[in-house]
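Just so it is clear, the values below take in all heavy atoms, side chains as well, and ignore hydrogens, waters and symmetry mates. In this chain, numbering begins with 1 at the start of the sequence shown. First listed ligand is number 1; within each ligand, the first listed atom is number 1.
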Amino acid sequence: MKIAFGNDHSAVELKKELIPWMEEQGYEVINVGTDTAESIDYPIVGEKVALLVASHEADLGIAVCGTGLGISLACNKVNGIRACVCSESYTARYSRLHNNCNILCFGARVIGPETAKLLIHEFLTTEFEGGRHERRVNEIMDIERRNSSGG
Ligand code: RB5
């Protein structure tokens with residue numbers, strides 16, 4: 001499974017622990033985040049992760065900034081993206097099961113590496129349940145279509 005991974009300067013140390021851990025489990029990680037402490041604006045990184053997921057070059061994405069909020073807002077501006085901010089594993093699991101989220105976001109200044117690993121595990125190993133949830137997710141995507149200006 002190919003995973004797009006993006007982070008701003010706040011998450012460099014966390015990312016250095018998470019990517020090798022993901023690779024050990026057989027995930028192919030496409031790193032589009034920064035690898036230095038120099039400040040970078042999270043919308044730039046969020047868009048890169050989102051475009052890889054929306055184009056299906058990556059199966060799912062992970063995007064990390066200080067809180068997870070800014071980068072999730074940026075990701076969600078790309079058509080086809082459903083990015084969610086999580087800080088505990090129940091929400092990470094249900095974001096896939098019920099919402100078919102395709103980008104997991106979290107805050108490097110909010111959670112530590114072990115919680116991040118739990119979130120990633122739930123997100124990457126849970127499949128969308130479909131059924132009544134498919135109708136609701138389609139209703140979300142209809143909102144995007146109705147309100148899209150086409151750039
Ligand atoms: C950067 O200082 C910080 O604002 C950013 O990482 C993020 O938390 C924004 O939502």
Side-chain angles (χ1 to χ4, degrees), residues 1-25 27-126 128 136-137 139-141 143-151:
M1 192 186 264
K2 273 192 196 174
I3 310 299
F5 194 113
N7 61 284
D8 74 359
H9 52 280
S10 70
V12 173
E13 292 311 312
L14 181 60
K15 185 262 283 285
K16 282 182 189 163
E17 178 163 346
L18 295 179
I19 289 186
W21 174 79
M22 289 171 64
E23 288 171 339
E24 272 170 29
Q25 295 169 70
Y27 295 109
E28 185 182 334
V29 182
I30 308 169
N31 175 18
V32 293
T34 183
D35 293 311
T36 76
E38 197 180 323
S39 181
I40 181 172
D41 293 338
Y42 57 80
I44 296 166
V45 182
E47 185 177 21
K48 284 183 185 172
V49 174
L51 289 173
L52 284 168
V53 173
S55 65
H56 303 291
E57 288 168 77
D59 299 294
L60 292 169
I62 297 174
V64 193
C65 64
T67 59
L69 289 171
I71 205 158
S72 72
L73 293 170
C75 289
N76 276 316
K77 292 297 177 188
V78 173
N79 285 354
I81 294 304
R82 291 174 300 279
C84 58
V85 186
C86 298
S87 55
E88 38 66 39
S89 57
Y90 181 89
T91 308
R93 175 170 168 74
Y94 276 81
S95 75
R96 293 285 304 133
L97 209 55
H98 286 187
N99 310 114
N100 202 12
C101 283
N102 47 18
I103 299 181
L104 168 69
C105 303
F106 49 85
R109 293 172 179 157
V110 179
I111 62 167
E114 295 311 315
T115 300
K117 289 175 187 173
L118 286 176
L119 301 183
I120 292 171
H121 173 76
E122 290 298 335
F123 191 78
L124 299 185
T125 60
T126 305
F128 179 46
R136 292 163 181 164
V137 171
E139 286 170 8
I140 296 173
M141 303 324 284
I143 296 172
E144 180 174 279
R145 273 186 286 277
R146 281 199 299 277
N147 293 281
S148 175
S149 62

Among all protein heavy atoms in this structure, tell me which lies nearest to [atom], with the distance rounded to 0.1 Å.
atom	value
atom 2 (O) of ligand 1	Arg109 NH1, 3.2 Å
atom 9 (C) of ligand 1	Tyr42 CE2, 3.4 Å
atom 8 (O) of ligand 1	Thr67 N, 3.0 Å

Task: Asp35 bridged to Lys16 by N-O distance under 4.0 Å - done: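 No.
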Task: SB check Lys117 Glu114 (cutoff 4.0 Å) - done: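 Yes, this pair counts.
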Open item on the list: I'd like to check which ligand 1 atoms, numbered from 1 as shown, lie under 4.0 Å from a non-hydrogen atom of Gly66.
Closed with: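 Reading through ligand 1 atom by atom, the close ones are 5 (C), 6 (O), 7 (C), 8 (O).
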Task: Atom indices of ligand 1 within 4.0 angstrom of His9 heavy atoms, with elements - done: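 Checking each atom against His9, I get 1 (C), 2 (O).
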TODO: From the options Asn102, Asp59, Val78, select the one residue that forms a side chain to side chain contact (heavy atoms under 4.5 Å, CB included) with Val53.
DONE: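 Exactly one pass, corresponding to Asn102.
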TODO: Report yes if some N/O of Gly68 lies less than 3.5 Å from some N/O of ligand 1; otherwise report no.
DONE: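 By distance alone, the answer is no.
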- [ ] Report yes if some N/O of Gly70 lies less than 3.5 Å from some N/O of ligand 1; otherwise report no.
- [x]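 Between Gly70 and ligand 1 (N or O atoms, distance only) the closest approach is under 3.5 Å.
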Open item on the list: One residue to check: Ser10. Relative to ligand 1, which of side chain, backbone, both or neither has a non-hydrogen atom less than 4.0 Å away?
Closed with: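 For Ser10, only side-chain atoms sit under 4.0 Å from ligand 1.
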TODO: Of the side chain and backbone of Asp8, name the one, both, or neither that has a heavy atom under 4.0 Å from an atom of ligand 1.
DONE: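 Under 4.0 Å from ligand 1, Asp8 contributes side-chain atoms alone.
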Task: Heavy-atom neighbours of Glu47 CD exceed 12 at 6.0 Å - done: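 Atom CD in Glu47 is not packed in, count stays at 12 or less.
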- [ ] Walk me through it: do Asn99 and Phe128 pass the test side chain to side chain contact (heavy atoms under 4.5 Å, CB included)?
- [x] CA-CA 7 Å; Asn99 310 114; Phe128 179 46; over 6 Å; no
Open item on the list: Using a 3.5 Å distance criterion without hydrogens, assess whether the side chain of Ser148 forms a donor-acceptor pair with backbone atoms of Arg145.
Closed with: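 Answer holds: no.
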Open item on the list: If we ignore hydrogens and angles and just use 3.5 Å, is the side chain of Asp8 paired with the main-chain N or O of Cys65 as donor and acceptor?
Closed with: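 Looks like no, no N/O pair under 3.5 Å.
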